[in-house]
Amino acid sequence: MSVIRSAATLRILREQPMWKLLRADRGPVIAALLENLLLRDEKVLFASSLEERLTRDIETLRAQGYDLPFAATAYIREWIDQGWLSRRLASGAPEEEISLTTDAANAVRFIVGATETRRTATQSRLATVISRLQKLAEETDGNRQSRLASLLEQRDRIDREIERVNNGQVTTLADDLALESARDIIFLAEELISDFRQVRDEFEHLNRDLRATLMDHEGSRGHVLEKLFSGVDVIGDSEAGRTFQAFWRLLNDYEQSAILDDSVDALNSRSFARNLRGADRRMLRNLTGLLLKEGSTVHEVQQSFARGLKHFVQSREFMENRRLHHLLSAAQRGAVQAKDQLRTTANIGFTLTSTGARMASVAQWGLLDPNMRMEVAAMEKVPEGELSLSKIAEMVQRSEINLRALKRNIHTLLETKEVVSLSDLLERFDAEQGLGSVVGYLSLAAKHGQIFDDNPCPIEWTGADGLRRRATAPTVFFHRDQLHALQL
């Protein structure tokens, strides 16, 4: 690669989230917070839990003189915008889950790792390189004689080792060398967990690219559509998908999982393991669970994207998005054609009302405290008063229509007549509640009588004040066969 190409590549990389974190003004503090929250014990947190823990850490740093002027929610929003945190709403989850992005995890691990004293060329690393080279050379050797000689040499070496053990000559690795090997294994395991995030990010990019391809494709059944409709899992068939599926099958293999569990248990019981850091011991102890958890998350994301993409194509959502995409493309082409004919400040005689909505995560909302809206006022003592039952009855009569009394009036007339009209009722009984009594009769007629809106008739009634009033109302009839419905 020429120096020009190398400089251009690194210049583009400088705008990536990893480099942004390394050159941020508060980079050391941010790296310390992210490492403490999302890189040690827990790799994923609910949004509310992250906000609560970040608030506590910020208060601790402020007490030591660090300049952190904003609230935890503001920093979380900024870190998401910078590409250091990713959020997703898992199926069935009560709220968003937040984790480090691959770039942020690599940057934080690089910064934190720079503070640890480490010999770069350890004996365990050299032994690993030699062993891997030897194994690769053997596995790629197609010569029968040399392959057989290598296998016989391995058998002789194993036989000699068995003989030494039978004679009581058991040789173990020194604690310092075992400690170096354990740290190398933990370092590789951390990189492996980071690889899971990388695969998950590749799935997300692939999902977006496939949807964009569907939007741009002019045919009704293009190459991608045919593969989807024929049931082929496009995401699972990608390079990232095939790589992950191979590892996922290996991790879920019973024999391999048993070997991994037994090896981890055996190493944790060794004396040198007590010299590991607390975080390294937890990492080694929970290695199997961490790998399965991260792998399950990636597997769920892969399956969710595959199902969602297929549903997107087979539903009306795909057609609506394609139609909107074509409209936007046509508008952009029209704008390009008109740019040489009209100035950007020219008046075209059209007013466009700009609309929009401010989008925010639910995790950024705060619960309403009613005490903040309560006005502080002194409680005034009201002098006691007397209220009789008759006064209460009068208040009730003014506030509610006495339907029970109206039903009694209807019952009384229906005992002597087959059919009773509204005029008959108002002529026989006074409207004690005035217009309220008339409305009450109409309400009862709507449920238990007959109303003829197209045949209005004049009505008169005498109110509680003794005045005679007239009005026009629909014709209303109550029948004796509905008497059972007008129960008192």
Side-chain angles (χ1 to χ4, degrees), residues 12-115 193-194 196-198 200-201 204-205 207-208 279 294 297 301 354-374:
I12 296 175
L13 184 62
R14 192 170 187 266
E15 301 302 322
Q16 298 302 313
M18 182 176 65
W19 203 312
K20 287 183 178 180
L21 179 56
L22 294 175
R23 64 184 175 90
D25 293 337
R26 294 190 178 90
V29 178
I30 296 174
L33 289 170
L34 294 177
E35 193 260 345
N36 182 56
L37 292 169
L38 293 169
L39 200 59
R40 288 185 181 177
D41 298 332
E42 298 182 82
K43 304 297 187 294
V44 180
L45 288 175
F46 286 124
S48 58
S49 300
L50 177 62
E51 180 182 348
E52 178 183 353
R53 298 185 186 186
L54 180 58
T55 300
R56 187 168 58 247
D57 289 348
I58 288 176
E59 292 175 353
T60 302
L61 291 173
R62 284 173 180 167
Q64 298 298 320
Y66 286 89
D67 182 22
L68 296 169
F70 303 114
T73 53
Y75 287 115
I76 293 175
R77 185 164 54 248
E78 177 189 356
W79 297 345
I80 292 174
D81 295 338
Q82 292 290 344
W84 303 333
L85 294 179
S86 64
R87 56 184 181 181
R88 59 184 294 267
L89 184 61
S91 177
E95 57 178 311
E96 289 180 328
E97 295 177 343
I98 298 182
S99 61
L100 286 177
T101 61
T102 304
D103 287 342
N106 292 336
V108 172
R109 193 175 289 111
F110 171 78
I111 295 173
V112 175
T115 63
I193 293 175
S194 179
F196 278 119
R197 294 196 183 94
Q198 182 67 36
R200 187 188 65 187
D201 292 345
E204 292 177 349
H205 293 312
N207 181 53
R208 288 195 295 267
E294 293 292 334
T297 301
V301 170
S354 179
T355 60
R358 183 178 180 271
M359 305 300 292
S361 171
V362 178
Q364 300 176 10
W365 292 22
L367 294 177
L368 173 63
D369 186 359
N371 293 327
M372 299 178 62
R373 294 189 177 183
M374 293 179 60

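Remember, it's a predicted structure, so these values are computed and weren't measured experimentally.
A donor-acceptor pair under 3.5 Å links the side-chain atoms of E95 to the main chain of S48, judged by distance alone.
Shown here for V44 and S99, the closest heavy-atom pair between the two residues is CG2-CB, 3.9 Å. When all heavy atoms are compared, the tightest approach of L38 to I98 is CD2-O, 3.8 Å. Among all heavy-atom pairs drawn from A104 and W84, the shortest one is CB-O, 3.3 Å. Contact detail for A31 and V108: the closest heavy-atom pair is O-CG1, 3.7 Å. Closest heavy-atom contact between A72 and T55: CB-OG1, 3.2 Å. When all heavy atoms of L45 and R53 are compared, the closest pair comes out as CD2-NH1, 3.6 Å.
Side-chain atoms of E96 and F46, non-hydrogen and from C-beta on, never get closer than 4.5 Å to each other. Contact check for Y75 versus I58: side-chain heavy atoms found under the 4.5 Å cut-off. Considering only heavy atoms from C-beta on, E51 comes within 4.5 Å of I76 through its side chain.
Remark: T101 OG1 to Q82 CD distance equals 11.0 Å, nearest 0.5 Å. Atoms CG and CZ, on L100 and R109 in that order, are 9.0 Å from each other to the nearest 0.5 Å. Rounded to the nearest 0.5 Å, atoms CG (L61) and CZ (R56) are 12.5 Å apart. With rounding to the nearest 0.5 Å, the separation of CG in L34 from CG in L85 is 6.0 Å.
Enclosure of atom CG in D81 by more than 12 non-hydrogen atoms of other residues, nucleotides or ligands within 6.0 angstrom is indicated.
Salt bridge R26/D67: present, at least one basic N to carboxylate O contact under 4.0 Å.
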